[in-house]
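The structure under discussion appears below in the form of structure tokens.
Throughout, protein chains are lettered first and strands after them, A, B, ... in sequence-line order, and every chain is numbered starting at 1. Quick note: numbers below take in every heavy atom, side chains included, and nothing from hydrogens, waters or symmetry partners.
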Amino acid sequence: MPYWLLKTEPSTFSIGDLASSPRRTTRWDGVRNYQARNFIRDAIAVGDEAFLYHSSCEPAGITGIVRVVRAAYPDPTAFDQHDDHYDAASKPDQPRWYAFDVQLARRFRHMVTLDALRAHAATDLAGLMILRTGNRLSITPVDTAHWRFILALSSSTR
DNA sequence: GCCAACGTTGGC
DNA sequence: GCCAACGTTGGC
């Protein structure tokens, strides 16, 4: 089962917001990058797990785990003229953008900060996409070995 | 198809 | 608020 990392700015939508959402579930929408879109449309499946990463905040880092509970479907925000993510080029009969649903699975007692991840950038976490400089992709795959290592970090750091 | 300009992301 | 990185756009 593939693993993923989803970025979110907590000032827009945080893990706390997810925790207080109905059924601790939310629609992951508004993705407007083709590479990320392809992950959603072609690879992300029900049952997949993803780290929830808080970006553009202090400190940035991984705050918990979500589980995919609904696979790709056309992103409704692309059809809504009043939504910030409206895209006239995406039509219901030929959608350009996709959303999926995630449910909160686990909140880390202690966030695994970007600094903590970086401490292993040259060794156990070499190649982790979030550590690549200039990486702006909001959805990235995570190797199983990286997933397990970060899980271990989450229970050992404080 | 190239590439400069532009806009956005995200760490600091 | 700054700025590096980089995806997208649009002129040619």
Side-chain angles (χ1 to χ4, degrees), chain A residues 2-19 21 26-44 48-66 68 72-102 104-143 146-147 149-154 156-158:
Chain A
Y3 296 110
W4 307 95
L5 182 145
L6 306 179
K7 278 189 212 169
T8 182
E9 296 192 17
S11 58
T12 304
F13 188 84
S14 71
I15 195 165
D17 295 328
L18 179 55
S21 298
T26 194
R27 184 175 70 207
W28 207 263
D29 58 23
V31 174
R32 296 295 179 267
N33 168 284
Y34 287 102
Q35 208 179 334
R37 188 278 309 269
N38 293 345
F39 285 140
I40 298 173
R41 191 190 55 189
D42 307 331
I44 294 179
D48 286 3
E49 291 178 295
F51 288 131
L52 197 71
Y53 179 89
H54 280 184
S55 66
S56 294
C57 60
E58 183 53 45
I62 297 170
T63 56
I65 295 172
V66 299
V68 177
Y73 55 98
D75 184 344
T77 66
F79 308 135
D80 179 0
Q81 291 191 34
H82 303 294
D83 193 283
D84 285 348
H85 298 105
Y86 175 66
D87 181 358
S90 186
K91 302 292 184 189
D93 58 332
Q94 193 131 30
R96 174 178 292 187
W97 306 113
Y98 289 83
F100 59 106
D101 292 353
V102 297
L104 182 61
R106 185 142 88 79
R107 236 177 137 157
F108 290 162
R109 183 164 285 112
H110 305 286
M111 145 191 265
V112 180
T113 63
L114 183 56
D115 278 350
L117 295 170
R118 282 218 180 100
H120 306 277
T123 53
D124 302 86
L125 294 179
L128 184 67
M129 289 186 74
I130 196 77
L131 296 177
R132 231 191 62 209
T133 50
N135 168 57
R136 294 162 47 182
L137 254 192
S138 64
I139 300 178
T140 49
V142 175
D143 293 347
H146 290 162
W147 179 271
F149 186 81
I150 293 168
L151 273 188
L153 279 184
S154 77
S156 64
T157 53
R158 52 175 41 255

(Q) Side chain of A:N33 only, heavy atoms from C-beta on: which candidate in B:dT9, C:dT8, B:dG11 is closest? (A)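 Of all the options, the side chain of A:N33 is nearest to C:dT8.
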
Q | Residues A:R32 and A:T77: side-chain donor-acceptor under 3.5 angstrom | A | yes

Q: Describe the nucleic acid contact of A:S55 in one word from base, sugar-phosphate, nothing, applying a heavy-atom distance below 4.0 Å.
A: sugar-phosphate

Q) Contact class for A:R132 (heavy atom, under 4.0 Å): base, sugar-phosphate, or nothing? A) sugar-phosphate

Q.
If you compare every side-chain N and O of A:K7 against the phosphate oxygens of B:dG10 (OP1, OP2), does one of them come in below 4.0 Å?
A.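 Yes, because at least one side-chain N or O of A:K7 sits under 4.0 Å from OP1 or OP2 of B:dG10.
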
Q. Side-chain N or O of A:Y34 less than 4.0 angstrom from OP1 or OP2 on C:dT9?
A.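 Checking A:Y34 against C:dT9: no side-chain N or O falls below 4.0 Å of OP1 or OP2.
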
Rounded distance (Å) that lies between atom [atom2] of [N] and atom [atom1] of [X]:
X: A:D84; N: B:dT9; atom1: CG; atom2: P; result: 11 Å
X: A:R32; N: C:dT9; atom1: CZ; atom2: C1'; result: 17 Å
X: A:E58; N: B:dG10; atom1: CD; atom2: C1'; result: 12 Å
X: A:L137; N: C:dC6; atom1: CG; atom2: P; result: 11 Å
X: A:L114; N: B:dT9; atom1: CG; atom2: C1'; result: 14 Å
X: A:M129; N: C:dA5; atom1: CE; atom2: P; result: 17 Å
X: A:E9; N: B:dT8; atom1: CD; atom2: C1'; result: 10 Å
X: A:I130; N: B:dG11; atom1: CD1; atom2: P; result: 7 Å

**Q.** Flag, side chain of A:T8 to backbone of A:F13, donor-acceptor distance under 3.5 Å
**A.**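 Yes; at least one donor-acceptor contact below 3.5 Å.
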
Q) Roughly how far, to the nearest 0.5 Å, is the CG atom of A:D124 from the NE2 atom of A:H146? A)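 Reported value, rounded in 0.5 Å steps: 8.0 Å.
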
Q: Could you check if a side-chain atom of A:L131 sits within less than 4.5 angstrom of a side-chain atom of A:L117, using non-hydrogen atoms only?
A: yes

